[in-house]
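Notes for the one structure printed next.
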Amino acid sequence: MSGEPGDELVVPTPGEPLPGSGVRIVVEYCKPCGFESTYLELASAVKEEYPGIEIESRLGGTGAFEIEINGQLVFSKLENGGFPYEKDLIEAIRRASSGEPLQKITNSRPPCVIL
């Protein structure tokens, strides 16, 4: 680091766990519905913020886009009708990383309409 203002590079100390270590996310999604790209975008954003996180994907039923953090369902497209905002998922992961209780994400963005 050059010490210039604006330098924000954070390098973990050797032996220090990466952000998100110990948190496991499972995303179940409907591949025939075209939700794989949404999963890949979310997974990429999460990995960028929390490089130590474990993310698993599973194929789900029609219309499914369900997210579990450490075994707890935190988002359901089947219940909410849309997809989670990245910022809400990142906040849920932060809470899980800190050992705070998880809350269900109820805010959702509408699915994209392809014409």
Next item on the list: Kindly determine whether Arg109 and Thr38 satisfy side-chain contact (heavy atoms from CB on, under 4.5 Å), including the steps that lead there.
Entry: CA-CA 12 Å; Arg109 60 183 173 87; Thr38 302; 3.7 Å; yes

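- A distance of 13.5 Å separates CG in Asn70 from CZ in Arg95, rounded to the nearest 0.5 Å.
- Remark: Glu48 CD is loosely packed, at most 12 non-hydrogen atoms of other residues, nucleotides or ligands lying under 6.0 Å away.
- Linking ILVMFWY side-chain heavy atoms closer than 4.5 Å, directly or via other members, places Ile55 and Phe35 in a single hydrophobic cluster.
- Distance check: Glu41 CD to Glu86 CD gives 7.5 Å after rounding to the nearest 0.5 Å.
- At a threshold of 4.5 Å between side-chain heavy atoms, the hydrophobic network of Ile, Leu, Val, Met, Phe, Trp and Tyr places Val26 and Leu59 in two separate groups.
- Listed by first and then second residue, the disulfide bond (SG atoms under 2.5 Å apart) pairs involving residues 33-89 are Cys30-Cys33 (not counting sequence neighbours).
- Tyr85 and Tyr39 end up in different hydrophobic clusters when Ile, Leu, Val, Met, Phe, Trp and Tyr side chains are linked at under 4.5 Å.
- For the atom pair CZ of Phe75 and CG of Asn107, the computed distance is 9.0 Å after rounding to the nearest 0.5 Å.
- Rounding to the nearest 0.5 angstrom, the gap separating the CD atom in Glu54 from the CD1 atom in Ile25 is 10.0 Å.
- Annotation: the span from Gln103 atom CD to Glu91 atom CD amounts to 8.5 Å, rounded to 0.5 Å.
- Ile90 has its side chain within reach of Val46: a pair of non-hydrogen atoms, C-beta onward, lies under 4.5 Å apart.
- Between Glu79 and Lys104, the closest side-chain pair of non-hydrogen atoms falls below 4.5 Å.
- Under the 4.5 Å side-chain criterion, counting only non-hydrogen atoms from C-beta, Phe65 is in contact with Leu42.
- When every heavy atom of Gly63 is checked against every heavy atom of Leu78, the shortest pair comes out as O-CD2, 3.4 Å.
- Surrounding NZ of Lys47 are more than 12 heavy atoms belonging to other residues, nucleotides or ligands, all under 6.0 Å away.
- For Glu68 and Arg24, the salt-bridge test fails: no basic side-chain N is under 4.0 Å from an acidic carboxylate O.
- Leu89 places a side-chain heavy atom less than 4.5 Å from the side chain of Ile69.
- A donor-acceptor contact shorter than 3.5 Å is absent between the side chain of Ser44 and the backbone of Leu40.
- In this structure, Leu102 and Gln72 approach most closely via the heavy-atom pair O-NE2, 3.5 Å.
- To the nearest 0.5 Å, atoms CG (Asp88) and CD1 (Ile93) are separated by 11.0 Å.
- Under the 4.0 Å criterion applied to side-chain N and carboxylate O atoms, Glu28 and Arg58 are not assigned as salt-bridge partners.
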